[in-house]
Colleague: 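One structure is given below, represented as structure tokens, and several questions about it will come after.
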There are 2 protein chains.
Amino acid sequence: MKEKKRITLAEIAKKAGVSKSTVSFILNGKSESLRISETTRKRVLEVVEEYNYRPSIHARSLQSKRSYTVGLVIPDLTNFGFASIAKELEKHCREDGLQLLIACSEDSQALEKKVVEHLVERQVDALIVGSAMIDDQFYVKLTHQLPVIQLDRQIGNSILPLVCTDACNATAKVVSQLLSSDNQECYFFGGQLELSPSKQRLKGYKLGLQQANLVLKPNWIKHADYQSHSGYKMMAECMKELGRPPSCLFTASYILLEGVLRYLRDHQLLNCDIRIATFDDYHILDCLPIEIDSIAQDCTSLAQTVYILVKNMLNGEEISKTQYILPAKICWRSR
Amino acid sequence: MKEKKRITLAEIAKKAGVSKSTVSFILNGKSESLRISETTRKRVLEVVEEYNYRPSIHARSLQSKRSYTVGLVIPDLTNFGFASIAKELEKHCREDGLQLLIACSEDSQALEKKVVEHLVERQVDALIVGSAMIDDQFYVKLTHQLPVIQLDRQIGNSILPLVCTDACNATAKVVSQLLSSDNQECYFFGGQLELSPSKQRLKGYKLGLQQANLVLKPNWIKHADYQSHSGYKMMAECMKELGRPPSCLFTASYILLEGVLRYLRDHQLLNCDIRIATFDDYHILDCLPIEIDSIAQDCTSLAQTVYILVKNMLNGEEISKTQYILPAKICWRSR
DNA sequence: CTGAAAGCGCTAACAG
DNA sequence: CTGTTAGCGCTTTCAG
């Protein structure tokens with residue numbers, strides 16, 4: 001591994017017969033304002049081209065106190081939604097010469113704090129977090145150093161900038177549709193209620209019942225955490241209560257749905273009379289014997305919106321609107 | 001956003017009443033070799049603690065010509081396997097004070113080249129690539145600047161370091177099991193044959209047939225690309241050829257399987273007599289009416305192995321073994 | 001229009 | 001054992 005040392009600004013300057021600053025100005029598009037002659041400009045650019053010169057990002061960062069990086073903290077990269085957003089964000093960043101730094105918190109508050117601190121040490125210019133915290137104090141403090149934006153999840157009633165999906169209305173719509181064919185029963189399986197998305201989904205569920213003129217029975221609502229086996233257990237509980245599968249069910253996440261489906265499979269109930277809808281959309285839902293309506297987050301818009309927000313904040317622009325609730329997309333399969 | 005400017009080494013030194021180098025040495029664990037007195041050491045560390053001082057990574061990078069970052073280029077972050085590996089790698093890196101920079105190539109050679117160049121500009125210390133290239137020349141050149149490691153995919157017969165899954169043997173085992181109950185037919189649906197994983201899976205399929213003493217019929221093998229609708233189309237073709245579903249089928253990826261399942265669903269064939277096995281494991285396979293054996297990559301081991309390799313190369317150690325073919329795990333559901 | 005020079009914050013010789 | 005000093009490569013005044 002030969003350490004072919006990179007060529008520097010100084011060397012380029014010498015080869016082009018000008019001074020370092022001239023090269024620097026040209027490279028940073030300041031030739032205009034400084035009225036650098038077209039000939040020098042061309043000559044310099046040729047040399048730059050010839051030697052395939054690339055400025056050192058570290059030297060620049062040191063100088064400018066910017067790192068040209070953006071931190072993204074999400075609970076889990078293997079979660080399809082977060083992965084999609086990460087992927088889109090990475091593309092946006094790259095196109096602007098920024099670098100996205102991705103870290104996972106695994107939904108642990110302690111780990112989240114740790115990875116954020118790591119990113120801050122790296123001097124990220126901005127931070128985007130899908131947080132598992134229940135108090136935004138930690139992030140509010142950070143705000144003195146860099147812009148912080150909440151993604152997908154709101155910490156309490158934090159007024160920090162936020163971009164997330166309108167889970168409530170989509171859920172309501174899906175749930176009331178579930179009930180349209182005169183069903184008189186609809187269960188809700190959810191995860192940790194502390195998380196803002198959970199709250200919104202539950203709220204939407206209740207709204208949906210209301211819209212269908214159905215009075216909620218307390219035992220219809222079950223929740224534990226977003227794990228497959230929790231879905232399985234809730235289904236088992238439900239069966240015990242009813243002696244049969246519920247006529248309608250809304251699962252607050254795909255992973256819970258998996259648990260439910262596994263239960264049904266294990267008990268030969270895949271062809272029973274049950275209507276299901278779920279939050280999260282996966283292609284596999286097109287392949288199941290049960291027709292399951294689903295709610296898809298618009299990851300492209302989420303990523304785009306959050307990115308624009310980041311850019312604006314980095315440019316120090318005054319932000320008027322800081323909270324964005326984006327509509328979800330409903331994938332109807334039952335009709 | 002107040003730019004609370006960070007405290008510097010120099011200030012710490014002044015506050016502790018010592019010189020910059022003393023602080024630097026202490027912070028870099030060189031107190032031993034330089035026999036710095038325990039008292040100064042303690043005093044300095046106290047000041048560091050008090051002001052919560054963190055060295056500037058950029059200044060250090062500029063100086064040391066290392067960026068303390070590792071680049072990871074994968075085709076797609078929303079692919080569960082790659083996401084898992086990325087997640088694990090990120091953890092390993094973070095624990096060592098490195099930062100993982102993730103970028104997606106979307107399986108485009110042009111884009112891959114671009115993102116790699118971006119990462120190289122960022123002066124990543126090492127590069128891990130799940131490449132879509134068919135020629136390793138580009139990477140061999142890079143080798144002069146930094147260590148490059150192939151992950152999951154081998155470019156041609158490239159002798160660059162490689163960590164991947166033993167798809168061949170796992171596939172053979174699964175295929176021969178499919179055929180165990182005296183089936184006389186087994187189709188193979190695959191993706192782009194240029195990609196090394198595809199080759200290995202096909203090879204394994206053939207080996208599996210052989211082990212089951214079945215003679216391959218050319219029309220059993222179909223391939224296009226790794227997209228759901230390709231799986232759908234191959235299945236349609238197959239139906240046309242046979243007038244019925246094949247008795248056995250191996251899909252070379254989960255995404256192709258999805259297409260197949262969608263076809264079966266659309267044509268009310270989910271309960272027909274078909275045996276399927278697939279590469280890639282997903283939990284949802286536990287929930288389907290068809291019992292599908294699957295092959296799971298051991299992402300944890302892949303990540304760990306590739307990380308150890310990276311570390312060794314970064315330490316400039318002589319690497320004796322550079323090609324690692326890790327066993328896959330088979331998830332039996334049919335028995 | 002262009003060049004000289006002063007840092008950005010840190011490391012590592014080299015002197016004491 | 002500790003301090004001085006010279007850069008790392010780039011940006012940016014401030015003088016020509």
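Here is how names work: the chains are called A, B, and so on, in the same order as the sequence lines, proteins then strands, and each is numbered from 1. Keep in mind that this is a model prediction, so the values were computed, not measured.
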Colleague: Under the 3.5 Å rule, do the base of dA4(C) and the side chain of Ser21(A) count as making a donor-acceptor pair?
Modeller: yes
Colleague: For Ser131(A), which of Gln109(A), Arg153(A), Glu112(A) qualifies under side-chain hydrogen bond (donor to acceptor under 3.5 Å, both in side chains)?
Modeller: Glu112(A)
Colleague: Think Tyr53(B) has a side-chain N or O under 4.0 angstrom from the OP1 or OP2 of dC10(C)?
Modeller: yes
Colleague: According to a strict under-4.0 Å criterion, is Thr22(A) in side-chain N/O contact with OP1 or OP2 of dC1(C)?
Modeller: no
Colleague: Under 4.0 Å, heavy atoms only, any strand: does Ser56(A) hit a base, just the sugar-phosphate, or nothing?
Modeller: sugar-phosphate
Colleague: Which nucleotide sits closest to the side chain of Phe25(B): dC10(D), dG3(D), dG9(C)?
Modeller: dG3(D)
Colleague: With Leu151(B), which of Val129(B), Thr305(B), Leu72(B), Leu162(B) fulfils side chain to side chain contact (heavy atoms under 4.5 Å, CB included)?
Modeller: Leu72(B)
Colleague: Just how far, in rounded Å, is C1' of dG9(C) from CZ of Arg54(B)?
Modeller: 16 Å
Colleague: Tell me whether the side-chain N/O atoms of Ser24(B) come closer than 4.0 Å to OP1 or OP2 in dC10(C).
Modeller: no
Colleague: Are side-chain heavy atoms of Arg122(A) and Tyr68(B) found at a separation under 4.5 Å?
Modeller: yes
Colleague: What does Thr40(B) touch in the nucleic acid at a heavy-atom separation under 4.0 angstrom: a base, only the sugar-phosphate, or nothing?
Modeller: sugar-phosphate
Colleague: What is the distance from CZ of Arg60(B) to P of dC10(D), rounded to the nearest Å?
Modeller: 21 Å
Colleague: Find the distance His58(B):NE2 to dT11(C):P and express it as a whole number of Å.
Modeller: 14 Å
Colleague: By nearest nucleotide on DNA chain D, pick out whichever of Gly17(B) and Gln63(B) is the more 5' one.
Modeller: Gly17(B)
Colleague: With respect to the side chain of Val18(A), which nucleotide from dT4(D), dG3(C), dC1(C) is positioned closest?
Modeller: dG3(C)
Colleague: Do the non-hydrogen side-chain atoms of Phe82(A) and Leu77(A) ever get within less than 4.5 Å of each other?
Modeller: no
Colleague: Please tell me if Lys65(B) has a side-chain N or O lying less than 4.0 Å from either OP1 or OP2 of dG9(D).
Modeller: yes
Colleague: From CD of Glu11(B) over to P of dG7(C), roughly how many Å is that when rounded to an integer?
Modeller: 15 Å
Colleague: Can you tell me if CD on Gln137(A) sees more than 12 non-hydrogen neighbours from other groups inside 6.0 Å?
Modeller: no
Colleague: Look at Thr8(A) and dG9(D) and indicate whether a side-chain polar atom (N or O) is within less than 4.0 Å of OP1 or OP2.
Modeller: no
Colleague: What is the distance, to the nearest angstrom, from the CG atom on Leu62(B) to the P atom on dC8(C)?
Modeller: 14 Å
Colleague: Quickly work out the Lys14(B) NZ to dG3(D) C1' distance and round it to whole Å.
Modeller: 15 Å
Colleague: When the distance from CD1 of Ile26(A) to C1' of dT11(D) is rounded to whole Å, what number comes out?
Modeller: 15 Å
Colleague: For Ile7(B) and dC10(C), give me the distance from atom CD1 to atom C1', rounded to whole Å.
Modeller: 15 Å
